Amino acid sequence: MANFECRELRKSYGSAQALDGVSLQVGSGRILGLLGPNGSGKTTLIKIACGLLQPGGGQVEICGRAPGVETKKLVSYLPDRMSLPMWMNAQQLLNFYVDFYADFDTQRALDMLGRLGVPADRRIRQMSKGTQEKVQLILVMSRRAQLYVLDEPSIGLHPSNLSGLINVMHDLVKDGNSVVLVDHDTQVLRTADWIVEMGPGAGSRGGQLIAQGTPASLAEDPHSLIGPFLCDRKILPVREEEDLFAQGTIRMRTGAIHTVRPLEVTIPKGRLTAVSGVSGSGKTTMVLESLVPGLEAAIHGRVLPPHVRSIDAPGIAQVKLIDAAPIGVNVRSTVATYAGVHDELRKLFAKSSEAKARGLKAKDFSYNTGSLRCPHCDGTGIISLDVQFLPDVKITCPSCHGSRYAREADEIHMVTPTGRTLSLPQLMAMDVQDALEACQGLKTICQRLQVLKDLGLGYLTLAEETPGLSGGEAQRLKLASEMGRTQSDALFVFDEPTIGLHPLDVRTLLDVFRTLVDNGASVVVIEHDLDVLRNADHIIDMGPKGGAEGGRIVACGTPAQIRSAADSETGRYL
């Protein structure tokens, strides 16, 4: 019997089709790999599998039953990461789960602590971000279930930790359980019995099965986008430089902090430097707690952090941390407003004959304060229902159907240089790629939309709320205003920007890094992704292990030099 099966599954969000006739099944004792570009329908599919979403059409069965209260007991789902009690250590957290969940397998949890290298006696607040991700994974995989749905389980894991994850998955399927694995890491995907690839694009261009088969068969399938990356062939070019420090050097000396020992760090200016190492080896402490605050203090004439003994960065006048923190705090911040596209559109619509006839100005086209905003939802596109004794329920505004605008806005049109007649609500409902085609000939708008497309964000709609973007999407959107300008006095810092990215999107990200470097910027990226590491100009590898067994620089140099470093755990995988 299949632990999960769907037939002709369909799901739409408004006019956008997220799933279009998807059929697949996961047999008992099998690992199914599921992947595709961001926005291709993967998350929608697994939420339906877990009974968290109702399909718009088709049939779903979980262990032979329709989704419901009983089937939820059969599924263990790694969703958006839960909040961990920072004051507990790992052992205390496991004890809490034993008391709270009757289906919690303590022995499996303890075994996973060892396999993934998580110290049982360390408090959560003392763990690195990567180690905390391991704890999240352990809690989900240690519950007794029949179907385990793991969404990006490789997040925060060094390649050396992935073997532990893979062994645990094999143990689960030996007991007759099934695993649905949503991931893009090829090392993990190669362990799947069967891979289903969704696409071919994102949003309205996705939602379909474009290829499926064993990892070996997908590697030879011309329709598969992941196939070439499942081969052992290196696809991305390796860039080697003889004189890495020709443009200058950033130097930093630090004292001991946390589990990190005193360090002497040298970073080449005008290059791409990757900081690697296993979880808990000191990457975040070295970069985000030492380098960034130390440079900011030196630039602004402030006192250095106590553990930063000296820092010297001639010519660096600004530090730009491009992190995964959400953009904005409410639904009024959208992709179009953040990228500066909405202001330009408002100005153009205000110049239309229909707007002039009604006496409308650019300010009237603001969905935040303008006269054309929807009066029922006040321009948010949603309304909250007050349910007694329960949290407020948010639903799409029944008046504007989520467009944020009153009906009058649909009556005001702009004729584009290509002859298309569009209203502002119609444009805001488009994704970046469609809007770029619709706005051909509108120079400023096209330039800004093209940057978003070049950053791999062509599938986002202009009206998409920025607080709801993934961490990787937020990072790339923050970069939009930085592209195309000279950056010789800037240091850009990225914290694991490849999380959740398809290998093709990683290639796009590498192009972005190269563009920044070509414009004179110095780039430092904390990363586990092997393609990024292979393409770095310079690598600083921390380790050799995590916690007390790490905290020092074990190797630094070009990728080739790291590969040959005996103490480098990372070098073994390059």
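Predicted model only: the values in this text are computed from it and were never measured.
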Regarding [X] and [Y], is there a side-chain donor-to-acceptor distance under 3.5 Å anywhere?
X	Y	value
T498	E527	yes
S403	H401	no
E464	Y459	no
E197	S224	yes
D454	Q450	yes

> Heavy-atom count around H170 NE2 within 6.0 Å, excluding the residue itself: above 12?
Replying inline: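 Correct, the count exceeds 12.
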>> Tell me whether the count of non-hydrogen atoms from other residues, nucleotides or ligands lying under 6.0 Å of CZ in R407 goes above 12.
In response: no
If you take all heavy atoms of [X] and [Y], which pair is closest and at what distance?
X	Y	result
L422	F349	O-CE2, 3.3 Å
S163	Q187	N-NE2, 4.4 Å
A474	I327	O-CD1, 3.6 Å
V432	L462	CG2-CD2, 4.1 Å
C6	L45	SG-CD1, 4.3 Å
K283	V278	NZ-O, 3.1 Å

> How far apart are the C-alpha atoms of D323 and K478, what are their side-chain angles, what is the distance that settles it, and do they pass the salt bridge (Lys or Arg N to Asp or Glu O under 4.0 Å) test?
Replying inline: CA-CA 9 Å; D323 60 14; K478 290 174 185 178; 2.7 Å; yes
>> If you apply the rule side chain to side chain contact (heavy atoms under 4.5 Å, CB included), what do you find for C439 with I445, and how did you get there?
In response: CA-CA 7 Å; C439 294; I445 291 173; 4.1 Å; yes
>> Q440 vs T416, test: side chain to side chain donor-acceptor pair (under 3.5 Å). Steps then yes/no.
In response: CA-CA 8 Å; Q440 285 300 313; T416 69; over 6 Å; no
> Is there a salt bridge (Lys or Arg N to Asp or Glu O under 4.0 Å) between D511 and R507 once you walk through the steps?
Replying inline: CA-CA 6 Å; D511 290 339; R507 178 180 290 181; over 6 Å; no
>> Between D105 and S142, does the side chain to side chain donor-acceptor pair (under 3.5 Å) criterion hold? Intermediate values first, please.
In response: CA-CA 5 Å; D105 189 331; S142 296; over 6 Å; no
>> Tell me whether the rings of H158 and H528 are parallel (<30°), tilted (30 to 60°) or perpendicular (>60°).
In response: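 Taking H528 first and then H158, their aromatic rings stand perpendicular (interplane angle over 60°).
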>> What verdict does the side chain to side chain contact (heavy atoms under 4.5 Å, CB included) test give for H376 and C397, after you've listed the backbone C-alpha separation in whole Å, the side-chain angles of each residue and the deciding distance to 0.1 Å?
In response: CA-CA 7 Å; H376 293 90; C397 175; 4.1 Å; yes
Can you measure from [atom1] ([X]) to [atom2] ([Y]) and round to the nearest 0.5 angstrom?
X	Y	atom1	atom2	value
L530	T186	CG	OG1	7.5 Å
L510	R534	CG	CZ	11.5 Å
I383	C377	CD1	SG	8.0 Å
R448	H342	CZ	NE2	13.0 Å
L442	E344	CG	CD	10.0 Å
D434	T461	CG	OG1	10.5 Å

> Which residue pairs pass the salt bridge (Lys or Arg N to Asp or Glu O under 4.0 Å) test with at least one member in residues 329-340, sequence neighbours excluded?
Replying inline: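 The answer is R332-D378.
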> Stepwise, does the side chain to side chain contact (heavy atoms under 4.5 Å, CB included) test hold for L501 with R476?
Replying inline: CA-CA 11 Å; L501 293 189; R476 284 177 283 162; 3.4 Å; yes
> Hey, is the main chain of T337 close enough, under 3.5 Å, to the side chain of T334 for a donor-acceptor pair?
Replying inline: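 Yes; at least one donor-acceptor contact below 3.5 Å.
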>> Test ring pair (Phe, Tyr, Trp, His ring centres under 6.0 Å) on Y405 and F365; report intermediate values, then the result.
In response: CA-CA 9 Å; Y405 286 100; F365 288 88; 7.6 Å; no
> Given the rule in the ring pair (Phe, Tyr, Trp, His ring centres under 6.0 Å) test, do H184 and F229 qualify, once you have shown the distances and angles that lead to the verdict?
Replying inline: CA-CA 10 Å; H184 295 103; F229 297 91; over 10 Å; no
>> Could you work out, with ring pair (Phe, Tyr, Trp, His ring centres under 6.0 Å) as the rule, every residue matching Y573, not counting sequence neighbours?
In response: none
> Does the side chain to side chain contact (heavy atoms under 4.5 Å, CB included) test come out yes or no for S178 and V173, once each step is laid out?
Replying inline: CA-CA 6 Å; S178 303; V173 298; over 6 Å; no
> Picking from L189, I166, I195, D193, what satisfies side chain to side chain contact (heavy atoms under 4.5 Å, CB included) with I31?
Replying inline: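 Checked L189, I166, I195, D193 against I31; only one passes side chain to side chain contact (heavy atoms under 4.5 Å, CB included): D193.
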